[in-house]
Amino acid sequence: MGSEIFNLTLADKLYRTKYETNTDHTHIKVNDEICPKCDGKPCTFGCPAEVYKKNPNDPNRITVSFENCLECGTCIKICPLGSIDWKFPDGGMGVKYRFG
Ligand code: SF4
Ligand code: SF4
């Protein structure tokens, strides 16, 4: 039963999560001076919502699609250089509830 979540695509998981997005204020920032020093860039494959991607204009840097964040906390633990500044979204914003 609970393992069904692992069979869902990212799009399915995001569809089942209701958000209130604060487009004026990101709750996630990365340090552009630190990320170029990170060889493995684990954030780009460890985040279940694919929030972090290599910047197509400069693959040493990272783009952050904060509005997709599922608030799981994984990225903070896997970032080896402490580059991620993550806060819970402002009150009333972020994940509201999940279906199933
Ligand atoms: S894992 Fe951390 S240091 Fe490495 S690229 Fe991602 S945010 Fe930057
Ligand atoms: S808290 Fe979870 S979903 Fe949000 S950016 Fe970090 S790893 Fe991705």
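Below, all heavy atoms of this structure are taken into account, side chains as well, without hydrogens, waters or symmetry copies. Indexing begins at 1, ligand by ligand and atom by atom, following the structure's order.
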Counting heavy atoms only, which part of Cys35 comes closer than 4.0 Å to ligand 1: side chain, backbone, both or neither?
both
What's the separation between atom OH in Tyr52 and atom OG1 in Thr44, rounded to the nearest 0.5 Å?
11.0 Å
Nearest non-hydrogen protein atom, atom 4 (Fe) of ligand 1:
Cys38 SG, 2.4 Å
Atom 5 (S) of ligand 2 has as its nearest protein heavy atom Tyr52 CE1, 3.5 Å
Taking only heavy atoms of Pro80, which atoms of ligand 1 are found under 4.0 Å from at least one of them?
1 (S)
To the closest 0.5 Å, what do you measure between CZ (Arg61) and CD1 (Ile34)?
12.0 Å
Could you tell me which atoms of ligand 1, counted from 1 in the order shown, lie closer than 4.0 angstrom to a heavy atom of Pro42?
1 (S)
I'd like to know if Gly82 contacts ligand 1, where contact means a heavy-atom distance under 4.0 Å to any ligand atom.
no
Report yes if the side chains of Ile84 and Ile28 come closer than 4.5 Å at any heavy-atom pair, otherwise no.
yes
Search all heavy atoms of Cys69 against all heavy atoms of Trp86 and return the closest pair with its distance.
SG-NE1, 3.7 Å
Should you measure from each heavy atom of Ile84, which atoms of ligand 1 turn up under 4.0 Å away?
7 (S)
Separation between SG (Cys35) and CG (Asn60), nearest 0.5 Å, reads 10.0 Å
I want to check something: taking the side chain as every heavy atom from C-beta on, are Cys38 and Ser83 in contact at a cut-off of under 4.5 Å?
no
Under a 4.5 Å cut-off applied to non-hydrogen side-chain atoms, are Lys41 and Ile62 in contact?
yes
Identify which protein N/O/S atoms are less than 2.8 Å from atom 4 (Fe) of ligand 2.
Cys69 SG
Among Cys43, Pro36, Cys79, closest by heavy atom to atom 3 (S) of ligand 1 is Cys79
Can you list the ligand 1 atoms lying under 4.0 Å from a non-hydrogen atom of Ile62?
5 (S)
Is there a path from Val30 to Leu81 through hydrophobic residues (I, L, V, M, F, W, Y) whose side chains come within less than 4.5 Å of each other?
no
Return the CD to NZ distance between Glu71 and Lys87, rounded to the nearest 0.5 Å.
14.0 Å
